[in-house]
There are 2 protein chains.
Amino acid sequence: MRHQGKRHGQRRKAAPKRRITGFLQPIFLLQLYSQDRHGYDLLQGLEEFISDAETYDPSIIYRIMREMESNGWVNSYEGTVSRGPRRRMYSLTLEGKEQLSRWMIDLQKTKDEIDNLLTVFRQQTT
Amino acid sequence: MRHQGKRHGQRRKAAPKRRITGFLQPIFLLQLYSQDRHGYDLLQGLEEFISDAETYDPSIIYRIMREMESNGWVNSYEGTVSRGPRRRMYSLTLEGKEQLSRWMIDLQKTKDEIDNLLTVFRQQTT
DNA sequence: TCATCTATTGACAACAGGTCTATAGATAAA
DNA sequence: TTTATCTATAGACCTGTTGTCAATAGATGA
């Protein structure tokens, strides 16, 4: 099968610089909170959380999900037959929910640190 | 010269997980905004911005400053003679100030992204 | 048949930073 | 005098996360 034109005709916009280490993981887990989803769908959902989401290469989702599955935070299974290629569905485990909560606490701290830095910056530069 | 007891007697607490990529750089630049400082001093100043700052290994500051100097964001020079070992002083360049401002804009965006994620999380889990 | 879109897998490469070794000057303690 | 401690710097090796690219697949449209 021929490979897709993506690599020959259209050049993908350079991926955004990493900002927060491990930011995609909680985003994906949160998307699974209300319902199971397949990989590509999770990737589509990124745009609600990250600017320039369309610059992410799809392969990243599958690696991340594989790692999270090995950690017991998600389970995966073959999706029901749909039009087009096979789908791999992901569901959130109880451990995954707990881990998500831990990440949220962590992110709140991170946010506070940024806030502090911004505050000091504004004080010093005015 | 004998190496310091740090590695034999006291075990350094494991460094905190990285949260924000490139978070130390703006912190160091901001500390140089009001006055030149030497490396170790910049490291001490970290505690105002980062919890667990004391877990950072001092060597990190010098690598980061070296990189920033090669980018033209800081200049360094031999410090005046002081008690104890030699000191390397760092000063902020005009380019450094501009870069710092860019980082602040970036960090504001990052903070907003976290905020959004936290908001969605709270909505979905209550 | 080829192009495009949806969809997944995996290996190699790159990057940021963590860890550990080494060194040095001054002072205090043994 | 020697050793311990604190302040201070430099560098190499290692690790963890993620970016990039290649490959593949089913369905539909051109």
Side-chain angles (χ1 to χ4, degrees), chain A residues 1-25 27-28 37-44 46 50 52 54-69 71 76-90, chain B residues 1-25 27-28 37-44 46 50 52 54-69 71 76-90:
Chain A
M1 171 82 59
R2 302 287 300 281
H3 34 222
Q4 309 306 313
K6 170 169 62 178
R7 300 286 148 71
H8 294 269
Q10 322 155 26
R11 174 174 294 272
R12 176 185 295 279
K13 191 167 117 187
K17 281 265 173 117
R18 286 170 287 179
R19 292 203 186 113
I20 304 173
T21 302
F23 194 46
L24 297 185
Q25 286 86 342
I27 291 177
F28 291 149
R37 290 167 177 256
H38 67 273
Y40 206 74
D41 190 24
L42 288 171
L43 193 66
Q44 305 289 80
L46 261 191
I50 295 191
D52 292 341
E54 74 281 350
T55 66
Y56 279 85
D57 190 285
S59 63
I60 193 174
I61 167 71
Y62 299 102
R63 185 207 306 130
I64 286 181
M65 297 311 290
R66 192 162 53 234
E67 284 161 8
M68 291 207 283
E69 186 166 14
N71 286 326
S76 69
Y77 54 94
E78 284 274 334
T80 54
V81 173
S82 59
R83 53 165 289 183
R86 71 194 193 286
R87 287 176 169 180
R88 170 161 291 276
M89 304 296 296
Y90 297 95
Chain B
M1 172 81 56
R2 301 287 298 281
H3 36 221
Q4 308 308 312
K6 170 170 58 178
R7 299 286 149 69
H8 295 270
Q10 324 153 29
R11 175 175 294 275
R12 176 186 296 279
K13 187 167 119 188
K17 281 275 173 97
R18 287 169 290 176
R19 293 204 187 107
I20 304 173
T21 304
F23 194 47
L24 297 183
Q25 287 87 339
I27 292 176
F28 291 148
R37 290 167 176 255
H38 69 273
Y40 206 74
D41 189 24
L42 288 171
L43 192 66
Q44 305 289 80
L46 260 191
I50 294 192
D52 291 342
E54 74 281 352
T55 65
Y56 278 86
D57 190 286
S59 63
I60 195 174
I61 166 72
Y62 301 103
R63 185 207 303 134
I64 286 181
M65 297 310 292
R66 193 162 53 238
E67 285 161 7
M68 290 207 282
E69 187 167 14
N71 286 326
S76 69
Y77 54 94
E78 283 275 334
T80 53
V81 173
S82 60
R83 55 165 289 185
R86 70 194 194 284
R87 286 176 170 179
R88 172 160 289 276
M89 305 299 296
Y90 297 96

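Throughout, protein chains are lettered first and strands after them, A, B, ... in sequence-line order, and every chain is numbered starting at 1.
Heavy atoms of A:Q25 sit under 4.0 angstrom from primed sugar atoms or phosphate atoms, though from no base atom. The residue A:R63 sits close to a base: some heavy atom pair falls under 4.0 Å.
Atom pair A:M65:CE and C:dT9:P shows a separation of 11 Å (rounding to whole Å applied). The CD atom of B:E78 sits 8 Å away from the P atom of D:dA10 (whole-angstrom rounding). The distance between atom CG of A:D57 and atom C1' of D:dA22, rounded to the nearest whole Å, is 10 Å. Atom pair A:I64:CD1 and D:dT17:C1' shows a separation of 9 Å (rounding to whole Å applied). D:dT18 atom C1' lies 13 Å from atom CD1 of A:I61, rounded to whole Å. For the pair A:H38 NE2 and D:dA25 P, the interatomic distance rounds to 19 Å; values are reported in whole Å. Rounded to whole angstrom, the span from the CZ atom of A:R37 across to the P atom of C:dT6 amounts to 15 Å. A:E54 has its CD atom 15 Å from the P atom of C:dC5, to the nearest Å.
Which of D:dC21, D:dT18, C:dG17 sits closest to the side chain of A:E67 comes down to D:dT18. Among the nucleotides C:dG18, C:dT8, C:dC20, the one closest to the side chain of B:I60 is C:dG18. Nearest nucleotide to the side chain of A:P85, out of C:dT6, D:dG11, D:dT7: C:dT6. Of the candidates C:dT8, D:dT20, D:dT9, C:dT8 carries the atom nearest the A:P58 side chain, counting heavy atoms from C-beta on. Between C:dG17, D:dT18, D:dT7, one nucleotide has an atom nearer to the side chain of B:Y40 than all others, and that is D:dT7.
If you take CG on B:L43 and CZ on B:F28, they are separated by 6.0 Å, rounding to the nearest 0.5 Å. With rounding to the nearest 0.5 Å, the separation of CD1 in A:I61 from CE in A:M68 is 6.5 Å. Rounding to the nearest 0.5 angstrom, the gap separating the CZ atom in B:R37 from the CE atom in B:M89 is 9.0 Å.
At least one side-chain nitrogen or oxygen of B:R88 sits closer than 4.0 Å to the OP1 or OP2 atom of D:dA10. The side chain of A:Y62 contributes no N or O atom lying less than 4.0 Å from OP1 or OP2 of C:dT9.
Checked by distance alone, A:S59 brings a side-chain donor or acceptor within 3.5 Å of a matching partner on the base of D:dT20.
Place A:G22 and B:R66 on DNA chain D by their nearest nucleotides, and B:R66 ends up nearer the 5' end. For B:Q44 and A:F23, each mapped to the nucleotide of DNA chain D holding its nearest heavy atom, the one lying further toward the 5' end belongs to B:Q44.
Between A:Y56 and A:L24 the shortest heavy-atom distance is CE2-CD1, 3.9 Å. Here the closest non-hydrogen pair linking B:Y62 and B:Y90 is CD2-OH, 3.8 Å.
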